[in-house]
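For ligands, and for the atoms within them, numbers begin at 1 and follow the listed sequence.
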Amino acid sequence: MNSTEVVILLVDDSPDVLAVLGEVLAPLKHRIKVATSGERALQIAQTQPPDLILLDVLMPGIDGFETCRHLQADPTTRDIPVLFVTADHANVARGFEVGGVDYIPKPFEAVEVRARVSHQLERLHLHRELLALNAQLEERVRERTAELAQANSHLRREVNERRFMQDRLQYLATHDFVTRLYNRSALDQRVCEVLARRRRERVDAAFLMIDLDQFRLVNDTLGCVAGDELLHQLAEHLGSVLNHGDFFARIGADQFAVLIEGPEGQVAAHRQAQALNRHLDHFVFTWDHREHRVSATIAVVPITDDTDSFEQVMLMAEDTIQVARQSGTGQVLVYQKHRPELLQQRDAVNWAMVLVDALRDDHLRIHFQHIQANNGAGRMHIELLMRLWDPVSGRLIFPGRFIPPAERFKLIADLDRWMLRSALAFLGRHRQALGWLGEVSINLSAVSLRDPALAVDVLDWIDEHQVPAHLLCFEITETEAIANMDAAKVFMQRLAARGCRFAMDDFGTGYASYHYLRELPFDVVKIDGVFVRDMDVDPSHAAMVASMVEMLHLLDKPVVAECVENAGVVEQLGTLGVEQLQGYHFHKPEPLTLDALSRLQRAASSPAQVAPETDAAAQPSH
Ligand code: C2E
Ligand code: CA
Ligand code: CA
């Protein structure tokens, strides 16, 4: 407290006393005001409150005690410290009673007067500082509370958004969007759970595979819009016969499956299969005023102690379907281990042998498809696709047929190695093409990611053929096979360190897309063609694509849309800001040759549609 700012009011009816006190206090350099009566003192105190009052007790009019009482009663003056000035020791106690804080005895001892006054002013000063600090503290607490409340609500909003996104992704990942049934990955997971549970407690269970007999006919003659509608209606029709708790899924273009658990699961499953078949007799699909009927072949596979994986159950079911079909359509057949027809069937296409031969005899081919940048800018981006030459039929076989058995027979890593080595050798041989290409995408099975030697080999081949590593993008389909996350991470990091990029393929169909996207260093995401293909006629698919794109952009991932088949879809994807487009609308896959690349390079400035895949007889299986 600056001494000149301090105001002391001296109150005494004797001008002499006031003069003496004034002199005594002069060295303290405070401002002094005087009043010669209690009434005058109150007036001054109310209009210009002093910091301290020295108050005489005996005065004409209202005396010191009375004056002090008035000061105490008034909120504006209540806190001004009052020191009584008295010659009578008996007044001291009363002075404290009415609110005085100290007293100054007469006659004055200059040193004592100054000491008592300074002491009171010091107290006052500390008291005022404490009040200021308290006020500051309260203000800060108020500010922090407001900040916290704001941060809290922000956080809550983010948590809610995240949860909403996760739920949407979870739904996307586990459901089929045509029928709203569970999808194949969800079924896979459920079968694995049942198998695990069976090891602890005895639960009876069985698996039904329902394979439609004439779906392809409807789809091919009426188009995929009718096909989707048929599947949708059929799913509802079949679902109405099932029991609560049966796990109903769509597992392929024209395949459904039901997992039945509980006591008598296997007996119940057989009964259920027959009921489903009978119920199908009543199913009529009307399209364009014409009625269509479908039948199905149903395989019943009991889940026993010998069952150890989803793949095995699927294989048994597929084999059983093939055998059942030999006796015509609309059959129900229960899997039996030693059915001779099954062994024959298994041998009919011995994929393991075909693939081993193909690798040895050089029957694999590389085709490629252009991936178009949305703004048409930049160098060429292509995806390499594998084909298998079948010397017996003289046709190409598409990967939809041979990749799944290759995965089943553990030959997929060999196929991937073949593709990588051949592709890098091609690029090394045709160095001209390196100048045209901005990016080359190569599909890798998730199984291959588990092979630590593969990353080393790829880097060796890159060096051997002197191909810039940043040209390569590896497309990995998110499957349950990325089971070993750590191995996948190491693989990806090793190649990413050299500049290779990674794309998550078939986004939206897998089981844990979002999880993998967070855990693994993907640069790009490709939305599965199944959502893109018909988004111009199917509003639900359009909405799915829009929400996926929005979500992926939120995660800062550029998006590629595949299976773009017409201009309507191109326009929709443009509006959504999808970065790259791929599909028959722009380019149909064709054999990888320098000529083909050169032609595409020339056409790139004026995008034209390129002729279809050379072997028209070979149909993709999806
Ligand atoms: P993917 O990676 O999703 O490849 C896209 C598939 O969609 C290709 O089928 C392509 O020909 C087809 N496609 C492209 N544009 C359109 C379109 O506008 N409409 C329609 N309906 N289809 C279109 P493809 O070549 O039969 O390949 C099927 C799958 O096989 C690929 O799917 C990929 O997962 C796998 N695959 C292909 N090559 C390899 C390979 O070298 N290694 C591995 N591990 N997998 C491969
Ligand atoms: Ca791909
Ligand atoms: Ca894909």
Ring centres under 6.0 Å, that's the criterion: do F177 and Y171 meet it? yes
Would you tell me which option among P589, S441, S422, P399 has the nearest heavy-atom contact to atom 27 (O) of ligand 1? P399
Angle at the Ca ion (ligand 2): provide the value between OD2 of D505 and OE1 of E475, rounding to 10 degrees. 90°
Identify which one of K526, H381, Q372 satisfies the side chain to side chain donor-acceptor pair (under 3.5 Å) criterion when paired with Q582. K526
Is there an N/O/S atom in E562 at a distance below 3.0 Å from the Ca ion (ligand 2)? no
Test your reading of the structure: does H585 have an N or O sitting under 3.5 Å from an N or O of ligand 1? no
Side chain, backbone, both or neither: D506 near ligand 1, heavy atoms under 4.0 Å: side chain
For ligand 1, note which part of Q582 has a heavy atom under 4.0 Å away: side chain, backbone, both or neither. neither
Quick check: closest heavy atoms across S422 and I366, and the distance to 0.1 Å? CB-CD1, 3.9 Å
Contact check: S441 to the Ca ion (ligand 2), N/O/S below 3.0 Å: no
Of the listed options D416, I397, D528, V532, closest to atom 44 (N) of ligand 1 (non-hydrogen atoms): D416
Short check: any N/O/S atom of D506 below 3.0 Å from the Ca ion (ligand 2)? no
State the atoms of ligand 1, each with its element, that fall below the 4.0 Å cut-off from a heavy-atom position in F398. 26 (O)
Checking H553 against E579: is there a side-chain donor and acceptor pair closer than 3.5 Å? yes
Indicate, with yes or no, if the rings of H465 and F426 have centres closer together than 6.0 Å. no
Is D357 paired with R360 through a side-chain N to carboxylate O contact shorter than 4.0 Å? yes
Going by an N to O cut-off under 4.0 Å, is there a salt bridge joining D213 and R325? yes
Should you measure from each heavy atom of E565, which atoms of ligand 1 turn up under 4.0 Å away? 17 (C), 18 (O), 19 (N), 20 (C), 21 (N)
Counting from 1 in the order shown, the ligand 1 atoms closer than 4.0 Å to a non-hydrogen atom of Q369 are 14 (C), 15 (N)
Looking at L517, V524, T477, which hits side chain to side chain contact (heavy atoms under 4.5 Å, CB included) with F507? L517
